[in-house]
Asks: 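I have a structure I would like to understand better, so I am pasting it below and will then ask my questions one at a time.
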Amino acid sequence: QVQVVESGGGSVQAGGSLRLSCAASGSIFSINIMAWYRQAPGKQRESVAVAPGRGSLNYADSVKGRFTISRDNAKNTVYLQMNDLKPEDTAVYYCYAFVKSSLNGNYFSYWGQGTQVTVSS
């Protein structure tokens, strides 16, 4: 019913930049929350940045000042601009969307398939 697709991952040297994109499509009435999570090998998935439909943006302490999340509500798209990347940012990055269905008005959580970000020192 709803597809969430990320793009923009890749490999970069420390200090470099990458921009991730995530587009949601399908039976969408509105999207309450769009966010980015990441999971490094052997670690739990963690929240990186959250963009609620209303309210303040939220960032993990480890990425504040380096990452910027933004939304294009008309396109149901969220971006993550990542600057000054560090080796510890290496992980699979997942897009999350909390969607109000256009079919029945209920809310559902959706995840993208993930995109690999690798930062070398």
Side-chain angles (χ1 to χ4, degrees):
Q1 295 179 351
V2 174
Q3 296 75 44
V4 176
V5 179
E6 305 105 332
S7 61
S11 298
V12 65
Q13 289 190 330
S17 299
L18 284 172
R19 187 187 193 218
L20 305 183
S21 300
C22 169
S25 61
S27 304
I28 298 171
F29 178 81
S30 63
I31 302 179
N32 191 340
I33 298 170
M34 298 195 84
W36 288 96
Y37 286 73
R38 68 186 180 187
Q39 187 167 18
K43 295 187 177 180
Q44 290 187 333
R45 190 172 299 189
E46 63 176 357
S47 174
V48 175
V50 180
R54 297 178 181 179
S56 301
L57 305 176
N58 291 283
Y59 296 92
D61 288 342
S62 60
V63 307
K64 284 181 180 177
R66 301 187 297 121
F67 290 11
T68 302
I69 188 171
S70 60
R71 287 177 63 164
D72 184 336
N73 292 326
K75 297 181 179 180
N76 289 330
T77 298
V78 64
Y79 306 95
L80 186 68
Q81 178 65 43
M82 304 185 293
N83 298 329
D84 190 23
L85 282 160
K86 302 177 180 181
E88 51 263 43
D89 295 318
T90 295
V92 177
Y93 284 70
Y94 295 91
C95 179
Y96 168 82
F98 190 54
V99 174
K100 183 176 183 178
S101 172
S102 61
L103 298 179
N104 54 27
N106 291 333
Y107 286 88
F108 298 93
S109 291
Y110 294 95
W111 292 90
Q113 80 287 353
T115 185
Q116 178 70 45
V117 171
T118 301
V119 185
S120 58
S121 57

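Worth knowing before you read on, the calculation uses all heavy atoms, side chains too, and leaves out hydrogens, waters and symmetry mates. All residue numbers in this chain count up from 1 along the given sequence.
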Asks: Would you name the heavy atoms of Leu20 and Gly9 that are closest together and state the gap between them?
Replies: CD2-N, 3.6 Å

Asks: Would you mind reporting whether Cys22 and Trp36 have side-chain heavy atoms less than 4.5 Å apart?
Replies: yes

Asks: Any chain of hydrophobic side-chain contacts (each under 4.5 Å) joining Val48 to Tyr79?
Replies: no

Asks: Got a second to check how far Ser121's OG is from Gln13's CD, nearest 0.5 Å?
Replies: 9.0 Å

Asks: In terms of hydrophobic clustering (I, L, V, M, F, W, Y; side-chain heavy atoms under 4.5 Å; direct or indirect links), are Val5 and Tyr110 co-clustered?
Replies: no

Asks: Okay, side chain of Tyr59, backbone of Ile69: is any donor-acceptor separation there less than 3.5 Å?
Replies: yes

Asks: What distance separates Gln81 CD from Ser21 OG, expressed to the nearest 0.5 Å?
Replies: 9.5 Å

Asks: Within the structure provided, determine whether Tyr107 and Asn32 are in side-chain contact (heavy-atom separation under 4.5 Å).
Replies: yes

Asks: Are the side chains of Ser62 and Arg38 in touch, meaning some heavy atoms are under 4.5 Å apart?
Replies: yes

Asks: I need the Asp84 CG to Ser17 OG distance, nearest 0.5 Å.
Replies: 8.0 Å

Asks: Would you say that Phe29 contacts Asn104 through its side chain, given a criterion of any heavy-atom pair below 4.5 Å between the two side chains?
Replies: no

Asks: Phe98 vs Tyr96 aromatic rings, parallel, tilted or perpendicular, using cut-offs 30° and 60°?
Replies: parallel

Asks: Can you find a pair of side-chain heavy atoms, one from Thr90 and one from Gln116, that are under 4.5 Å apart?
Replies: yes

Asks: To the nearest 0.5 Å, what is the distance between CD on Gln113 and CD on Gln3?
Replies: 11.5 Å

Asks: Can you name the nearest heavy-atom pair linking Leu18 to Gly8, along with the distance?
Replies: CD2-O, 4.1 Å

Asks: Would you call Pro87 and Val119 a side-chain contact if the rule is heavy atoms closer than 4.5 Å?
Replies: yes

Asks: Would a hydrophobic clustering, with Ile, Leu, Val, Met, Phe, Trp and Tyr connected at side-chain separations under 4.5 Å, put Ile33 with Phe108?
Replies: no

Asks: For the atom pair CZ (Arg66) and CE (Met82), what is the distance rounded to the nearest 0.5 Å?
Replies: 9.5 Å

Asks: State which residues pass salt bridge (Lys or Arg N to Asp or Glu O under 4.0 Å) with Lys64; sequence neighbours excluded, sorted by chain then number.
Replies: Asp61

Asks: At what distance, to the nearest 0.5 angstrom, does CG of Leu80 lie from OG1 of Thr115?
Replies: 11.0 Å

Asks: Which atoms form the tightest heavy-atom contact between Asn76 and Met34, and what is the distance?
Replies: O-CE, 3.8 Å

Asks: Using modelled atom types only, decide if a donor and an acceptor are shared between the side chain of Glu6 and the backbone of Gly114 within a distance under 3.5 Å.
Replies: yes

Asks: Please determine whether residues Tyr37 and Tyr93 belong to a single hydrophobic cluster, defined as Ile, Leu, Val, Met, Phe, Trp and Tyr linked transitively by side-chain heavy-atom distances below 4.5 Å.
Replies: no

Asks: Let me check something: do Val50 and Tyr94 share a hydrophobic cluster, defined by ILVMFWY side-chain heavy atoms less than 4.5 Å apart, either directly or through other members?
Replies: yes

Asks: Do you know which of Asn106, Val4, Ile31 makes side chain to side chain contact (heavy atoms under 4.5 Å, CB included) with Val99?
Replies: Ile31

